[in-house]
Amino acid sequence: MEPIITTIQPKILIGKKCRMSMANQQTQKLWKEFGSERKDIRRVVGTDLYSVEVYPEGYFRKFDPTKPFEKWAAVEVSEVKLVPEGMSQLILPEGLYAMFYFQGAAEGASKFYQYIYSEWLPGSAFSLDVRPHFAVMEEQYDPMDHDSEETIWIPVK
């Protein structure tokens, strides 16, 4: 479960966002709303879907499942001429990321993330950076399918 360490170039995303906490998950609702409206987004790059978390500075110092963060359901675009009503633009800035490959149903992802933050990161030469965290999934991604695949991108320095 060793990641690939790589630098990404800036990416422009358009999607829907929602404030939530780990204890008050709204992910399923967010993706349902996004799925019905994403046809309105223009200049989409590829077919990948982006699940993004924007955590406030200090979020990981002391874990609190009720602490809010911003969650996004989005796609990458080549340029922004118009942001559809009810959606927003997010720039993923250039930076160093640890990219992990995950295969399985969404229910298994929490154990995987726990491994990343509690075992891999403390044992690595890296520390967490304050930039968006994200996962990239193919358009056909099914959170219930144990064969589903995604890449998980953790900002490091």
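We number each residue from 1, following the sequence as shown.
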S.K.: To the nearest 0.5 angstrom, please state how far the CD atom of Glu150 sits from the CD atom of Gln103.
M.R.: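 The CD atom of Glu150 sits 10.5 Å away from the CD atom of Gln103.
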
S.K.: Angle class for the Tyr117/Tyr113 ring planes (parallel below 30°, perpendicular above 60°, tilted otherwise)?
M.R.: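 The rings of Tyr117 and Tyr113 lie parallel, inter-plane angle below 30°.
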
S.K.: When the ring planes of His133 and Phe60 are compared, do they come out parallel, tilted or perpendicular, using 30° and 60° as the limits?
M.R.: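 His133 and Phe60: parallel rings.
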
S.K.: Could you see if Val77 belongs to whatever hydrophobic cluster contains Val83? Use Ile, Leu, Val, Met, Phe, Trp, Tyr and a side-chain cutoff under 4.5 Å.
M.R.: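 Same hydrophobic cluster.
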
S.K.: Answer yes or no: are there more than 12 heavy-atom neighbours, outside Ile5 itself, under 6.0 Å from its atom CD1?
M.R.: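 Check passes, neighbour count above 12.
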
S.K.: Can you run down the salt bridge (Lys or Arg N to Asp or Glu O under 4.0 Å) pairs that involve residues 123-136, sequence neighbours left out, and say none if there aren't any?
M.R.: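 For residues 123-136, and leaving out neighbouring residues, the salt bridge (Lys or Arg N to Asp or Glu O under 4.0 Å) pairs sorted by first residue read Asp129-Arg131.
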
S.K.: Is the closest basic N to carboxylate O distance between Arg19 and Glu70 below 4.0 Å?
M.R.: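 No, no charged N to carboxylate O under 4.0 Å.
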
S.K.: Once you round to the nearest 0.5 Å, how far does CG of Leu121 lie from CD1 of Ile116?
M.R.: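 Answer rounded to 0.5 Å: 9.0 Å.
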
S.K.: Spell out, as yes or no, whether a donor-acceptor pair under 3.5 Å connects the side chain of Lys16 to the backbone of Gly86.
M.R.: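 Yes; at least one donor-acceptor contact below 3.5 Å.
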
S.K.: Do Lys67 side-chain atoms and Tyr59 backbone N/O form a donor-acceptor pair below 3.5 Å?
M.R.: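 Yes, Lys67 side chain to Tyr59 backbone: donor-acceptor pair under 3.5 Å.
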
S.K.: Report the relative orientation of the aromatic rings in Trp153 and Tyr97; use parallel for angles under 30°, tilted for 30 to 60°, perpendicular for over 60°.
M.R.: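 Ring orientation, 0 to 90° scale: perpendicular.
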
S.K.: Could you work out, with salt bridge (charged side-chain N to carboxylate O under 4.0 Å, His left out) as the rule, every residue matching Glu33, not counting sequence neighbours?
M.R.: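 By the salt bridge (charged side-chain N to carboxylate O under 4.0 Å, His left out) rule, Glu33 matches no residue at all.
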
